[in-house]
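As C-alpha cells, the structure follows; a few thoughts come after it.
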2 protein chains.
Amino acid sequence: MNTEEKIFNAARIVFQKKGFAGTRMQEIADEAGINKAMLHYCFKNKQLLFEAVFMNAFSQLAPQINAIFNSDETVFEKITRFTHSYISFVLLNPFLPPFVIQEMNNNPEFVKTFFKNKNTPDPSQLIDQIKKEIALGIIKPVNPKQLVLDIFAMTVFPFAAQMMVKGILHVSDSEFNQMMEERKTTIAEQIINSIKK
Amino acid sequence: MNTEEKIFNAARIVFQKKGFAGTRMQEIADEAGINKAMLHYCFKNKQLLFEAVFMNAFSQLAPQINAIFNSDETVFEKITRFTHSYISFVLLNPFLPPFVIQEMNNNPEFVKTFFKNKNTPDPSQLIDQIKKEIALGIIKPVNPKQLVLDIFAMTVFPFAAQMMVKGILHVSDSEFNQMMEERKTTIAEQIINSIKK
DNA sequence: TTTTAGTTTAACCATCTGGTTAATATGCGA
DNA sequence: TCGCATATTAACCAGATGGTTAAACTAAAA
C-alpha cells in the first residue's frame, strides 16, 4: 500500500467517524502513520481530501444502485434486488450512510452542484417504470416518488440512525446485525405486498 | 426575552445547522447579539450549552411520542396517530431529526448514558401490545421490533436524509413539504394494510 | 445617596488547527 | 558513482477557537 492509499484509507476512517468539521488533519496523519505535511503534499488541503473520500463513498454506491434501477427487470424484482444488495453492502460499510447523509445535510450548497455533475443514484427510469406498471394494473395506484422514498427509508434509515435505533429499541450490535439480515428479505416482501394488486 | 433565552435560541439555530463540531461560540454570540463571554457566564462551556440544546430537542419529542405509545388505543390507532403527529411536529422543526441523529452517531458513548438516565422515547409497552394483538390474531405474525423500526423509518427518514432525498428525487422544498403532507395519512394506511389479518 | 449583587463587555490568553517551508532522505537512471 | 526528481520530515506560522479576567454598567436594596 503506497502513501497516497494509506492517507486515503486513514482519511476515510476518520472522516466517517467524526465528520468533516470534527476531523483533524493530525488525526488522519496519525491514523496513516505518516507526517502531516504528506497530507498536503498528496491531497493539497482538507477540503479536497474530504471530497476524494466523499466521492469515493458515493461512487461505490451509485453504480450498484443504478445498475439495479435501470435493468430490464420488473419493479418487484428491482425492489427485491435493491433492498437485498444494499443491506448486504452496507453491513460491510456501516459508517457510509450516516456519513453521506450528515455531510449532505451540513453542506446544502455543495449538494446542488454535486447532483448536477456527478455519478449519482438516479431513480427516474424506475419511476417511469412504476407509472407504466400502474397503468398496466400490476401495481396499485401510488405516488411513484413516495414509493421510491419508502424503499430508501426502509433500507437506509436503520443504518443512518444506527445509534438512535439501538438506543430506543434496546438492541445490541449483534442483535442489530441480525435484524438487518432479516430485513434483507422481509422489507421487499412487505413493500411488494402493500402495492401489488 | 432575557439573555439566557436569547443565547439558547441562538445556540439551537447554530448547533442544528452546523452540528457540535462545526459550531463556533462566536457565531452563537453573533446570532444572539451579545458578547461571547455571556455564553460562558450563562452556560459554563460549549459542551454544557450543547447538552442543554440537545436535551431540550429530545424532551420536545419524547413525551409526545410516549404519550401515544403508552395510551390505551389499539396498535392501528397508535400507528395512525404517531405518524400524523410526528410529521406535523417535524414539519415545523425540520432541523431536529438530522441534528439528533447526527450527534448521536458522533457521540456513541454519550448515547449510552443518555438512554439510561433521561426521558427518552420508549416503545417497550407498544412492543408488548403488538405481541398481544398478534396472539389475538388481529395482526399478522411479525417481529415487533422490526415493525416499530419500520414506523420510525417511514416517518423519520425523509427528514433525517432531507438533502439527499431532495437531490435524488429531484424535488423542491415545496414539493418535499407537499409529499410530507401526503405521508401524514398514507404511511399509516400502508403499514396497517401490510400487517392486518 | 451609597452599597451591593447581578450583568455585560472589551481585551486578553493558551492552545489548537490547517497549512507552509526548507532541509533531508530515497531511489533510480545515466 | 553521481545527478536528479520524487518522497518525507521537523520545525514553523498565522489565524482561529474556547475560555478567562478584570473592569464597567445596571438596578434595586439599605
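The chains referred to below are lettered A, B, ... by the order of the sequence lines, with proteins before strands, and numbering in each begins at 1.
Under the 4.5 Å side-chain contact rule for hydrophobic residues, A:Phe95 and A:Met164 do not share a cluster. Hydrophobic clustering places B:Phe76 together with B:Met154 (ILVMFWY residues linked when any side-chain heavy atoms are closer than 4.5 Å, directly or through intermediates).
Other residues, nucleotides and ligands place more than 12 heavy atoms under 6.0 Å from the CZ atom of B:Phe114. Counted within 6.0 Å of NZ on B:Lys184, heavy atoms from surrounding residues, nucleotides or ligands total more than 12; the atom is thus considered enclosed.
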### Test side chain to side chain donor-acceptor pair (under 3.5 Å) applied to A:Gln190 and B:Asp150, step by step
CA-CA 10 Å; A:Gln190 206 171 318; B:Asp150 293 344; 2.9 Å; yes
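Residues A:Leu96 and A:Val90 form no side-chain contact, since every pair of their non-hydrogen atoms from C-beta on lies 4.5 Å or further apart.
For the pair A:Tyr41 OH and D:dA10 P, the interatomic distance rounds to 16 Å; values are reported in whole Å. If you measure from atom CZ of B:Phe50 to atom C1' of D:dT17, you get 18 Å, rounded to the nearest angstrom. In this entry the distance linking NZ of B:Lys18 with P of D:dT17 reads 10 Å, nearest Å. Taking atom CG of B:Leu39 as the reference point, atom C1' of D:dG18 lies 10 Å away to the nearest angstrom. The NE2-C1' distance, from A:His40 to D:dC13, rounds to 13 Å in whole Å.
Side-chain N/O atoms of B:Gln125 and B:Gln129 include no donor and acceptor closer than 3.5 Å. Under the 3.5 Å distance criterion, with hydrogens and angles disregarded, no donor-acceptor pair is assigned to the side chains of B:Asn93 and B:Gln60.
Residue contacts for B:Met38: at a heavy-atom cut-off of 4.0 Å it reaches a base atom on one of the strands shown.
The ring-ring contact (aromatic ring centres under 6.0 Å, His included) search around B:Phe50 returns B:Phe15, B:Phe20, B:Phe54, B:Phe99, not counting sequence neighbours.
A nucleotide of DNA chain C counts as in contact with chain A when one of its atoms lies under 4.0 Å from a heavy atom; the first and last such, 5' to 3', are C:dT17 to C:dT21.
Positionally, the nearest nucleotide of DNA chain C for B:Ile34 lies more toward the 5' end than for the other of A:Lys46 and B:Ile34. Nucleotides of DNA chain D nearest to B:Lys36 and A:Thr3 differ in position, and the one nearer the 5' end is that of A:Thr3.
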### Task
Any chance you could list the contact pattern along nucleotides 21-29 of chain D? Use B for base contacts, S for sugar-phosphate-only contacts and - for none, protein heavy atoms under 4.0 Å, 5' to 3'.
B--------
